[in-house]
Amino acid sequence: MNELGKRVLVAAIGIPLALGLIIAGGIIFNIVIIIIAMIGIYEFAYLVDKKSSDVQKAGMYLFSLIILLTFSFLTKPHEIAAALVIQLLLMVLSSYSFQLKKGTQDGLLSVSAVYNSVLYVGLGFSTLIIIRNFNLYLLYWRDIFNQSSFIYNLKFAESQTWGLIVLFVFVSIWTCDSFAFFIGRKFGKHKLHPEVSPKKSWEGAIAGLIGAVIAFTVICFFFLPELPLVFSLIAGLIIGTVGQIGDLAESLLKRDAGIKDSSNLIPGHGGVLDRFDSALFVFPALTVFFLIIAVWG
């Protein structure tokens with residue numbers, strides 16, 4: 001089977017499964033995201049391995065798993081805050097203690113890789129869980145959120161609404177990628193960042209940004225008309241801008257490691273980091289945006 005055939009087959013199987021999983025939400029969704037994140041940590045460790053064999057892989061897996069479990073099973077603010085503070089202290093203490101025992105060779109890279117993997121992959125996938133379960137935060141964070149905000153109304157306190165929002169975000173990311181690819185290939189003349197991604201152009205990037213804004217705004221207009229237009233436009237701008245930065249960031253890591261794909265896990269699509277490169281930047285940014293709206297909106 002050729003490359004295009006593999007991509008079509010994976011999409012035909014994967015997209016319906018992803019749709020069902022996102023809409024269903026709940027514990028199964030959280031567990032699947034945790035599994036995907038652990039694969040992402042494996043791929044990140046593989047990238048670091050290309051630079052140095054002296055990598056604290058156990059720390060990458062352990063602390064990424066802890067942060068994912070924190071946001072999967074804790075919803076009350078004091079519980080989350082306590083868990084994150086304890087994790088941060090343990091991560092700093094253990095990573096340096098472990099490296100001191102091993103010696104100074106590649107110490108900076110080894111310790112930094114632990115923090116970067118947790119923040120980039122662990123926290124990135126955690127924010128996907130946060131947004132999918134945002135209705136629970138609306139329930140338990142009443143004293144923090146502004147109850148007059150539109151995001152606090154009954155419809156947004158329903159689980160399925162946030163399943164739709166997660167789905168719309170992914171559709172907007174895919175639209176951004178498609179607009180950037182096709183417009184860039186046909187009209188791209190000014191290179192965006194040739195050292196990191198030689199084929200990407202400013203024309204394609206602008207087209208991707210416009211595509212993300214249009215996609216998120218139009219979908220929300222028809223399926224979530226309760227969302228103010230300005231909210232959808234800003235969210236679309238975040239997706240179109242931050243998502244492309246995430247794409248470039250992962251390309252930077254792969255180019256530095258001297259590899260084409262983070263893995264060959266998904267036939268025709270590369271690895272987890274290849275498929276979620278934009279999402280790992282978009283969902284953290286949207287989490288901050290949604291929290292700002294919920295508190296001060």
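Below, all heavy atoms of this structure are taken into account, side chains as well, without hydrogens, waters or symmetry copies. Position 1 is the first residue of the sequence, and the numbers go up from there.
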Minimum heavy-atom separation for V295 and N146, please, with both atom names.
O-CB, 3.1 Å
If every non-hydrogen atom of F150 is compared with every non-hydrogen atom of E226, which pair is closest and at what distance?
CD1-O, 4.4 Å
Residue pairs, two or more places apart or on separate chains, that pass salt bridge (charged side-chain N to carboxylate O under 4.0 Å, His left out) and touch residues 199-209:
K200-D247
Aromatic ring centroids of W162 and Y137 under 6.0 Å?
no
Is the closest side-chain heavy-atom distance between S159 and R132 below 4.5 Å?
yes
Closest heavy-atom contact between V282 and G243?
CG2-CA, 3.4 Å
When you measure from the side chain of Q56 to the backbone N and O of V114, does any donor-acceptor pair fall under 3.5 Å?
no
Short side-chain to backbone donor-acceptor contact, S149 and I293, under 3.5 Å
yes
Run the numbers on V242 and F289 for side-chain contact (heavy atoms from CB on, under 4.5 Å), then give the verdict.
CA-CA 12 Å; V242 178; F289 176 55; over 6 Å; no
Rounded distance [0.5 Å steps], CG in L69 versus OG in S64:
10.5 Å
Go through the steps for I214 and I210 under the test side-chain contact (heavy atoms from CB on, under 4.5 Å), then give the verdict.
CA-CA 6 Å; I214 292 174; I210 294 172; 3.6 Å; yes
Is it true that atom OH of Y42 has more than 12 heavy atoms of other residues, nucleotides or ligands lying nearer than 6.0 Å?
no
Are L252 and L273 connected in the hydrophobic side-chain network, where two residues link if heavy atoms are under 4.5 Å apart?
no
Is there a side-chain contact between F73 and N30 (heavy atoms, below 4.5 Å)?
no
Report the distance from atom CD1 of I165 to atom CG of L227, rounding to the nearest 0.5 Å.
6.0 Å
Which pair of heavy atoms, one from G236 and one from A212, lies closest together, and at what distance?
O-CB, 3.8 Å
Rounded to the nearest 0.5 Å, what separation is found between the CZ atom of F98 and the CG atom of L93?
13.5 Å
Calculate, to the nearest 0.5 Å, the distance between atoms OG and CD1 belonging to S262 and I39 respectively.
10.5 Å
Given side chains that start at C-beta, do those of L88 and M91 come closer than 4.5 Å, heavy atoms only?
yes
Does D274 use its side chain to pair, donor to acceptor, with the backbone of G271 at less than 3.5 Å?
yes
With under 30° as parallel and over 60° as perpendicular, where do the rings of F290 and F134 fit, or are they tilted in between?
perpendicular
Quick one: does any side-chain atom of W141 pair with a main-chain N or O of T75 as donor and acceptor, under 3.5 Å?
yes
Are the aromatic rings of F170 and F283 close, with centres under 6.0 Å apart?
yes
Are any of the side-chain heavy atoms of F168 and C220 separated by less than 4.5 Å?
yes
Main-chain N/O of L253 paired with D256 side-chain donor or acceptor, under 3.5 Å:
no
Donor-acceptor under 3.5 Å (E250 side chain, D277 main chain)
no
For E79, is the CD atom crowded, meaning more than 12 foreign heavy atoms sit under 6.0 Å from it?
yes
Less than 4.5 Å apart, side chain to side chain, heavy atoms only: is that true for L237 and F216?
no
Cluster question for you: counting only ILVMFWY and a side-chain heavy-atom cut-off of under 4.5 Å, with indirect links fine, are I27 and L65 together?
yes
Work out which heavy atom in G208 is nearest to a heavy atom in Q244; give both atom names and the distance.
C-NE2, 4.0 Å
The reported gap from CD1 in I36 to CD1 in I33 (rounded to nearest 0.5 angstrom) is 4.5 Å
Heavy-atom pair of closest approach, residues G124 and P284:
CA-CG, 4.0 Å
The test is side-chain contact (heavy atoms from CB on, under 4.5 Å); show your working for S201 and L192 and say whether it passes.
CA-CA 4 Å; S201 66; L192 179 62; 5.6 Å; no
Distance, nearest 0.5 Å, that separates CG of L209 from OG1 of T241
4.5 Å
Hey, quick one: are V169 and F179 part of the same hydrophobic cluster, counting side-chain heavy atoms closer than 4.5 Å, chains of contacts allowed?
no
Hey, does V92 have a side-chain heavy atom less than 4.5 Å from the side chain of Y115?
yes
Is a side-chain N or O of K76 found less than 3.5 angstrom from the main chain of Y140, in a donor-acceptor match?
no
Say whether L119 and L128 are linked into one hydrophobic cluster, either directly or through other cluster members, by side-chain heavy-atom distances under 4.5 angstrom.
yes
Donor-acceptor pair, distance only, cut-off 3.5 Å: does the side chain of T161 make one with the backbone of K155?
yes
Judged by atom type as modelled, is there a donor-acceptor pair below 3.5 Å linking the side chain of K254 to the main-chain atoms of I259?
no
Against F125, only a single residue in F276, F44, F281, F29 fulfils ring-ring contact (aromatic ring centres under 6.0 Å, His included); can you say which?
F276
Donor-acceptor pair, side chain of Q99 and main chain of S95, under 3.5 angstrom
no
In terms of hydrophobic clusters joined by side-chain contacts under 4.5 Å, are F182 and I173 together?
no
Less than 4.5 Å apart, any side-chain heavy atom of N135 and any of E158?
no
Determine whether M60 and V121 make a side-chain contact, defined as any pair of heavy atoms from C-beta on separated by less than 4.5 Å.
no
In sequence, state the C-alpha distance, the side-chain angles, and the governing distance for K57 and D49, and then conclude on side-chain contact (heavy atoms from CB on, under 4.5 Å).
CA-CA 10 Å; K57 294 181 181 179; D49 253 336; 2.8 Å; yes
